[in-house]
Amino acid sequence: IGNPDNAAQARLEARSETLRLLYVALTRAEQAVFLGWREPDDSKGVDGALADLLYRSATVDGQALARLTRAADGAVVHETLDIDTPPTIAPLDSPAQAMPQGHARHDLPARRLRWSTYSFSRLAHARTDTTPDNLPEPGAADETPTAPDTLQAADADSQAVLPELDTRLGGVRFGSAVHDLLEDALNREKRDGAEPGSIWHLPGAFPRENEIEAVYQKLRAGGLIPEDRGDIRIIQTADLVARTLHTPLPSIGALAGLTHANMRTEMEFMLRLRGQRLGKLIDTLRAHGYLTAALGGHPAQTLYGLMQGFIDLVVEHDGRFYILDYKTNRLGDTPTAYDGPALQRAITRSHYDLQYLIYTVALHRHLGHCLPEYDPATHLGGVQYLFVRAMDGQSTAGVYVDTPDIALINALDGLFDETAEMA
């Protein structure tokens with residue numbers, strides 16, 4: 001306070017700020033700027049940003065505007081106003097004539113479709129296109145609670161039992177834990193240099209310490225077990241992962257025996273949607289024998305924007321590409337609950353056929369961009385949905401397989417993008 005240097009600095013900063021504001025005001029116009037000006041009073045000195053600018057290198061002599069006009073070569077014109085005499089306003093001799101009205105325009109822009117993001121879950125859960133939707137995430141969020149099939153309960157005692165798994169292990173959190181464990185195991189070769197086949201213990205063998213710790217951390221993070229590394233559910237989950245990884249899958253073999261170069265975990269995709277109606281999608285699927293369970297969405301709902309999702313696993317084997325998805329749904333407590341007809345019912349009830357057909361279109365587009373001589377009949381190997389509770393490490397129990405018709409995949413591709421004729 002009272003420091004002359006501070007006072008000088010304050011005046012300099014204030015002067016700089018007023019000049020900046022003047023620059024902004026003068027340079028925003030596109031065609032012309034009109035500015036009022038009054039010569040500064042000699043007794044008070046130069047005050048104001050414009051006066052500071054015009055008289056910076058000259059004394060106040062009343063000729064600043066004249067000099068500026070000459071230097072601007074016609075770009076600046078000044079006019080002297082008599083502020084003591086008010087301007088004369090000419091009276092209106094006649095009322096203003098109304099502008100003639102033309103015909104109403106009909107070339108107005110068409111109504112814009114509402115752009116949105118879609119996912120399998122959004123379509124399957126019958127949400128309208130005006131409802132906000134969360135983007136899909138990797139994991140088991142797409143799994144729907146499925147009540148155990150009661151048709152086989154009467155003869156449960158006479159059938160073989162499923163691999164032991166505590167009934168408290170279920171729901172989305174358990175599904176996400178299993179998804180994460182399988183993904184981490186399949187990525188071990190890339191991450192830790194593990195040999196194919198050694199990424200997880202064999203079914204029936206005792207889990208390794210690192211596997212027990214990995215399972216404990218995933219189950220604990222999901223709030224599925226207490227802080228007890230001796231909980232039996234850890235061993236049961238570790239064995240479930242082992243059975244899933246070592247089951248010989250049709251046309252592929254065991255996942256544990258594949259190299260990391262031949263697979264892609266959690267493959268994310270986005271499909272362009274150009275405004276087709278949901279009803280047309282449903283009709284196309286049903287014409288090919290899919291989607292027999294009704295969707296609740298309105299047929300007039302418009303699919304415009306992006307379809308987004310994550311494929312659990314894409315595997316390449318002998319030049320063909322397969323889509324795999326893990327399901328921890330509890331369909332029942334006996335092997336009959338996971339046989340062919342039971343798996344088909346589960347697929348239909350949960351609209352998983354819609355899910356894997358969307359996945360197949362995404363893979364179809366991706367391969368079309370990546371493979372120089374792509375042929376869907378040659379390169380698309382179909383889908384395999386792994387209902388892991390029934391997998392035993394030896395047979396194909398719990399494995400649902402489908403190879404959608406190429407004509408349907410091309411029809412859906414054209415329907416989503418509206419660039420090809422539909423079958």
Side-chain angles (χ1 to χ4, degrees), residues 1-118 128-135 270 272-275 302-308 417-418:
I1 298 176
N3 189 318
D5 293 336
N6 291 343
Q9 180 64 26
R11 287 192 297 272
L12 177 62
E13 292 180 1
R15 178 182 178 185
S16 299
E17 177 63 13
T18 57
L19 287 173
R20 185 189 69 81
L21 294 176
L22 176 65
Y23 167 80
V24 172
L26 295 179
T27 57
R28 291 303 180 265
E30 295 184 0
Q31 297 181 1
V33 174
F34 295 86
L35 189 66
W37 164 255
R38 180 175 181 175
E39 287 289 336
D41 189 337
D42 287 341
S43 63
K44 296 182 179 179
V46 176
D47 188 19
L50 184 57
D52 180 22
L53 187 64
L54 294 179
Y55 283 114
R56 175 163 299 182
S57 59
T59 58
V60 178
D61 58 2
Q63 299 300 312
L65 284 184
R67 287 191 292 268
L68 178 62
T69 302
R70 290 193 299 271
D73 193 21
V76 175
V77 176
H78 74 272
E79 178 183 351
T80 302
L81 299 179
D82 186 355
I83 61 175
D84 297 325
T85 304
T88 302
I89 301 177
L92 295 176
D93 297 331
S94 60
Q97 295 181 353
M99 293 292 293
Q101 296 184 355
H103 297 290
R105 293 187 61 178
H106 297 283
D107 57 339
L108 299 177
R111 175 181 175 270
R112 281 189 172 186
L113 296 175
R114 182 182 180 274
W115 194 99
S116 187
T117 55
Y118 298 86
T128 65
D129 61 355
T130 58
T131 304
D133 188 54
N134 294 325
L135 294 178
M270 291 186 180
R272 179 174 54 193
L273 303 175
R274 287 191 168 181
T302 302
L303 304 179
Y304 181 68
L306 287 177
M307 175 75 73
Q308 184 180 14
D417 208 25
E418 288 194 329

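Only heavy atoms go into these numbers, but all of them, side chains included; no hydrogens, no water, no symmetry mates.
Using a 4.5 Å heavy-atom threshold, the side chains of Glu17 and Leu21 count as touching. Side-chain contact check for Leu53 versus Leu22: some heavy-atom pair is nearer than 4.5 Å.
The heavy-atom pair separating Glu39 from Gln63 by the smallest distance is OE2-N, 4.5 Å. Nearest approach of Tyr304 to Tyr118, heavy atoms of both residues: O-CE1, 3.5 Å. The nearest pair of heavy atoms linking Ala29 to Ala32 is CB-O, 3.4 Å. The shortest non-hydrogen separation linking Leu19 to Ala49 is CD2-O, 3.6 Å. Between Val77 and Gly74 the shortest heavy-atom distance is CG2-O, 4.5 Å.
Taking CG of Leu273 as the reference point, atom CH2 of Trp115 lies at 9.0 Å (rounded to 0.5 Å). Note that CH2 of Trp37 is 5.0 Å distant from CG of Leu50, once rounded to the nearest 0.5 Å. Of the inter-residue distances, the one linking Tyr23 atom OH with Arg28 atom CZ reads 6.5 Å to the nearest 0.5 angstrom. A distance of 7.0 Å separates CD in Gln308 from OG1 in Thr117, rounded to the nearest 0.5 Å.
Here Thr27 pairs with nothing under the side-chain hydrogen bond (donor to acceptor under 3.5 Å, both in side chains) rule; sequence neighbours left out.
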